[in-house]
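The structure follows.
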Amino acid sequence: MIGQRLEVRQGQGLVITPQLQQAIKLLQLSNLELEAFVEAELERNPLLQRDEGDQGGETSTDPAESSASGEAGELQFTEPSGDAERAMDARADDLYDDAPPGERDADRKRDAGESIEQPGLSDWSRAGAGGAGHDEGMERPDTREATLWEHLQAQASSAGFSAADHAIALTLIDATDEGGYLRGELQEFADRLGVDLARIEAVLTVCHGFEPTGVMARSAPECLKLQLVERNRFDPAMAALLDNLELLARRDLAALRKVCGVDADDLTDMIAELKGLTPRPGAGFGGEPAQTVVPDVHVRPDPAGGWRVELNSETLPRLLMDKRYHGVVAAGARSETEKHFVAECAAQASWLVKSLDQRARTILKVGSEIVRQQDAFLAFGVEFLRPLNLKTVADAIGMHESTVSRVTSNKYVATPRGVFELKFFFTAAIQSSDGGALHSAEAVRHRIKTMIDNEAADGDVLSDDRIVEILNETGVDIARRTVAKYREALRIPSSVQRRRLLKAG
């Protein structure tokens, strides 16, 4: 029977307030993104102001209403925290642990499934160029370097093209990438512009005479050919070499001598000429400047032993809520709308200051635990990097994995061994063949690279199977396909190619 009835149920639910969403967002921002966010908040909220350190007046100095980011200071992981520190952490430990269950599951799956590679310097994301403010009404001189496209457009303007051909040239320039290569089929350009293919080719021939030589080529052999033609060094033998660059990549010199019809000395000279050319002619031009990575945490040896972990105060914004100004505007508010706006600004300012303070403390706590777990790496090198995952760190400091995941995203630590992203210290575990401790994947990759680097001295090229045998003898249980995967990730050629390189000197 179908009917209606009233029923009372008790359950638990999670409500993500805007303030909590802001706190979660702040935790995963990089220091550059955080600075931009703070600048926007300072413009939006009149009750917020920077703590310049020499401010007078009645600004808030209560830790609950002022950012302690600058005073989060330093922490020695070899010493226990004091009562005050524990009380502060207990008050706000759950600030970031109320993330939605779906987001927590996603973090856990990423931790369990991803094989975290070592982020090199080339892997650091590029940020937009910033600049200091300048007086209104005054022109700022343009001191940036000209881009490749501006350089090519200037040459096209003085090349004597007709109006139609100039438009074709600009279209081809727009299709040129940062390396200086023309991307796209010429027939597509002809169809789009409604002209004959021969006209596109004629304009491109003129563009091939632009500086830098080799620009707007459609392939690497064509780029090198343009440079050789300018040097009057392009002949049938060199043309055959450019047509068989894959043989050169494999170091198959015998086959190259045969297809080029030259002896060993001539081939050596030809290869030396190719090495003197520029395969990416557009790489030397200005573009968006790369932003220097600024570490969020510093790790230094402690004179008493162990390591001292400190926050980089330069990356932490210090904010205060101006109580005096708040009192003035609150007393002058007349309508309910004005009172509501003042109250909302005060609440947002107070919450932002607290969130920045807790963000700094959380980064310090997570960074200190990572240093404690990876102290052997800091002392002895990458071979002693231990297997580590988010759950291990989260359990040690009493936080959720999702919190640790956010903290370690886009955060960098400066150590005596260099600057690393915090994600670098989380590596997969490889089983031990003798039942001993697990091995870090990053440490195993380093051992493989070291063995291959020493081949030139020993004169013995190691195959992947031989590397597996050596690692098994030292207690590392690893498969051949894993060795091949690590070798390819390190951009190391196969044993056959390395043997040819050794023979070629």
Side-chain angles (χ1 to χ4, degrees), residues 112-123 244-259 264 267-268 271-272 274-275 373-389 392 417-418 420-421 423-505:
E114 70 175 347
S115 175
I116 302 174
E117 302 292 339
Q118 176 181 357
L121 292 177
S122 61
D123 297 325
N244 295 273
L245 290 179
E246 69 280 356
L247 296 178
L248 181 60
R250 297 202 303 264
R251 304 298 298 181
D252 193 348
L253 302 185
L256 275 178
R257 288 195 296 270
K258 183 177 180 181
V259 298
L267 182 60
T268 300
I271 294 175
L274 286 186
K275 290 181 178 180
Q373 295 279 353
Q374 300 290 7
D375 59 335
F377 160 76
L378 296 173
F380 305 111
V382 71
E383 291 187 12
F384 295 87
L385 198 64
R386 299 184 183 125
L388 187 64
N389 56 32
T392 302
R417 297 194 176 275
F420 302 93
E421 189 178 5
K423 290 286 188 184
F424 166 82
F425 297 98
F426 295 92
T427 64
I430 295 180
Q431 297 293 330
S432 175
S433 59
D434 55 6
L438 300 178
H439 300 274
S440 165
E442 191 60 46
V444 173
R445 275 193 289 267
H446 178 74
R447 293 178 64 177
I448 293 173
K449 184 178 185 302
T450 302
M451 285 189 287
I452 294 177
D453 287 343
N454 293 332
E455 287 177 344
D458 301 337
D460 182 21
V461 177
L462 301 175
S463 65
D464 292 346
D465 290 326
R466 179 54 184 157
I467 293 175
V468 170
E469 294 175 2
I470 295 175
L471 292 176
N472 286 337
E473 291 171 0
T474 58
V476 180
D477 184 13
I478 191 171
R480 181 187 178 280
R481 63 179 178 274
T482 306
V483 171
K485 182 180 72 173
Y486 289 172
R487 176 177 54 76
E488 292 171 358
L490 294 168
R491 298 183 179 181
I492 297 175
S494 66
S495 58
V496 176
Q497 293 173 311
R498 299 200 306 274
R499 190 173 289 108
R500 288 174 178 166
L501 287 171
L502 286 177
K503 288 182 179 179

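Along the sequence shown, the residues carry numbers beginning at 1.
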**Prompt:** Under a 4.5 Å cut-off applied to non-hydrogen side-chain atoms, are Ile467 and Ile452 in contact?
**Reply:**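 Contact flag for Ile467/Ile452 side chains = yes.
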
**Asked** How about Leu274 and Leu245: do any of their side-chain heavy atoms sit closer than 4.5 Å?
**Response**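 A side-chain contact under 4.5 Å exists here.
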
**Asked** Are the side chain of Glu455 and the backbone of Leu462 linked by a donor-acceptor contact shorter than 3.5 Å?
**Response**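 Yes, the answer is positive, given that a donor and an acceptor are paired below the 3.5 Å cut-off.
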
**Message:** Nearest 0.5 Å, please: how far is CG in Leu247 from CG in Leu253?
**Reply:**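 So the CG of Leu253 and the CG of Leu247 are separated by 9.5 Å.
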
**Message:** Let me confirm one number: the CZ-CE distance from Arg487 to Met451, rounded to the nearest 0.5 Å.
**Reply:**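 If I round to the nearest 0.5 Å, the distance is 12.0 Å.
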
**Prompt:** Does any N or O in the side chain of Arg498 come within less than 3.5 Å of the main-chain N or O of Pro493, such that one atom is a donor and the other an acceptor?
**Reply:**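 It does hold such a pair.
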
**Pair Asn244-Glu246, side chain to side chain contact (heavy atoms under 4.5 Å, CB included): steps then yes or no** = CA-CA 5 Å; Asn244 295 273; Glu246 69 280 356; 3.8 Å; yes

**Request:** Report yes or no: does Arg417 contribute a side-chain atom to a donor-acceptor pair with the main-chain N or O of Phe377 at less than 3.5 Å?
**Result:**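 Confirmed, Arg417 side chain pairs with Phe377 backbone.
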
**Request:** Measure up the Phe420 and Phe424 rings against each other and bin them: parallel (under 30°), tilted (30 to 60°), perpendicular (over 60°).
**Result:**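 Rings of Phe420 and Phe424: parallel, as their planes differ by under 30°.
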
**Message:** What's the separation between atom CG in Asp464 and atom CD1 in Ile478, rounded to the nearest 0.5 Å?
**Reply:**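 One gets 10.0 Å once the value is rounded to the nearest 0.5 Å.
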
**Request:** Look at the side chain of Arg386 and the backbone N and O of Gln373, then say whether any donor-acceptor pair between them is shorter than 3.5 Å.
**Result:**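 Such a contact is found between Arg386 side chain and Gln373 backbone.
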
**Request:** Could you verify whether a donor N or O on one side chain and an acceptor N or O on the other, from Thr450 and Asp453, lie under 3.5 Å apart?
**Result:**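 On atom types as modelled, these side chains do not qualify, holding no pair under 3.5 Å.
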
**Prompt:** Cut-off 3.5 Å, side chains only: do Arg447 and Thr474 have a donor facing an acceptor?
**Reply:**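 Short answer, yes.
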
**Request:** Working to the nearest 0.5 Å, report the span between CG of Leu385 and CZ of Phe426.
**Result:**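 Between Leu385 CG and Phe426 CZ, I get 11.0 Å after rounding to 0.5 Å.
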
**Message:** Let me confirm one number: the CG-CD1 distance from Leu256 to Ile271, rounded to the nearest 0.5 Å.
**Reply:**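 Rounded to the nearest 0.5 Å, the CG-CD1 separation comes to 6.5 Å.
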
**Request:** Considering only NZ, NE, NH1 and NH2 on the basic side and carboxylate oxygens on the acidic side, decide whether Lys485 and Glu488 come within less than 4.0 Å.
**Result:**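 No, Lys485 and Glu488 are not salt-bridged.
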
